[in-house]
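Below is one structure, written out as structure tokens, with a few remarks after it.
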Amino acid sequence: MPKAGVIGWPVKHSKSPIIYRYWLEKNNIRGHYTDIEISPDDFQKCIFQLADDGFVGVNVTIPYKESAIAMADKKTSRASSIGAANMLIFRGGGIIAENTDAEGFIRNLRASAPDWNPARGMVLVLGAGGAARAIIYALVESGASQIFIANRTQFRAKNLAAEFQLSLISWDDINQATAEASMVVNTTSLGMAGQPPLDIELNCPSDALVTDIVYTPVETPLLAQAKAKGLATVDGLGMLLHQAVPGFEAWFGTRPAVTPALREKVLSA
Ligand code: ATR
């Protein structure tokens with residue numbers, strides 16, 4: 001029976017066990033998916049132990065996405081470009097680092113906003129952390145050509161702008177910048193329960209799309225503002241569900257479906 005799990009510190013907030021167990025049950029697969037909370041001192045040892053114990057792999061969450069890629073024997077080119085892994089696959093005695101966040105972001109957009117055209121107009125990315133790296137990688141891969149980035153700590157945005165050839169916008173100028181944006185993406189943690197909301201005034205054109213990677217709550221203050229202004233929105237829960245699809249397929253051999261029932265299951269948990 002294949003065994004997989006999610007490793008983090010803390011890990012109790014993770015929705016992955018709900019998603020994976022739902023798919024195991026729906027697809028009548030005898031498999032095991034568990035959450036593993038481990039402190040940073042024991043992270044590497046724990047990964048080797050899980051591989052020895054016959055696990056097929058693990059999802060990796062906060063704060064291990066960078067440590068995971070550093071310890072892998074091999075990394076996929078997208079994990080390398082993003083500089084972080086959300087998945088470690090144990091295969092043939094080795095550890096492969098993969099990142100499915102970029103794919104999850106794009107598949108969710110394609111499913112939720114089928115008319116979205118990456119090549120049309122300016123995309124404004126807010127934030128410059130690990131999540132921003134995956135999303136920028138995804139946007140570039142999809143053919144977005146005018147990507148602007150703004151971050152509270154300017155030098156982080158500047159580094160990303162140099163690496164991915166983006167345009168840089170000052171954090172103080174984001175309200176004005178939205179006036180030109182065909183798409184606004186929040187990759188910061190602002191708007192998450194327990195965090196302040198993202199302080200922004202959306203002045204976007206009426207056909208702009210606003211997306212958020214925060215999914216607790218599903219309707220963040222940013223998305224509520226966008227909706228109130230009649231703008232199209234895509235929430236972060238969809239990205240979470242879609243990024244899990246390739247992991248499930250790799251470990252349990254069946255490509256699972258992202259359905260409204262799964263969304264409901266995660267929302268009600
Ligand atoms: P992740 O890997 O999840 O993206 P991260 O690397 O800690 O996490 O990045 C968090 C992002 O949220 C960063 O862009 C951070 O801005 P800074 O680089 O200035 O820290 C942003 N962020 C977090 N709290 C913020 C706040 N109160 N105001 C503005 N930006 C904030």
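Indexing begins at 1, ligand by ligand and atom by atom, following the structure's order. Please read these numbers as outputs of a predicted model, since none were measured by experiment. Computation of the quantities below employed the complete heavy-atom set of this structure, encompassing side-chain atoms and omitting hydrogens, waters and symmetry-equivalent molecules.
A salt bridge does not link Asp53 to Lys3: none of the charged side-chain nitrogens sits closer than 4.0 Å to a carboxylate oxygen.
Taking Ala102 as the reference, Ile82, Tyr137, Ala138 meet the side chain to side chain contact (heavy atoms under 4.5 Å, CB included) condition, with sequence neighbours excluded. Not a single side chain to side chain contact (heavy atoms under 4.5 Å, CB included) links Ser145 to another residue, sequence neighbours left out.
For Arg91, the CZ atom counts as loosely surrounded, since its 6.0 Å shell holds 12 or fewer non-hydrogen atoms of other residues, nucleotides or ligands. Around CG of Leu168, the count of heavy atoms belonging to other residues, nucleotides or ligands within 6.0 Å exceeds 12.
Protein residues with a heavy atom closer than 4.0 Å to ligand 1 are Gly127, Ala128, Gly129, Gly130, Ala131, Asn151, Arg152, Thr153, Arg156, Trp171, Thr188, Ser189, Leu190, listed by chain and number.
A salt bridge (charged side-chain N to carboxylate O under 4.0 Å, His left out) check over residues 17-28, counting only residues at least two apart or in different chains, returns nothing.
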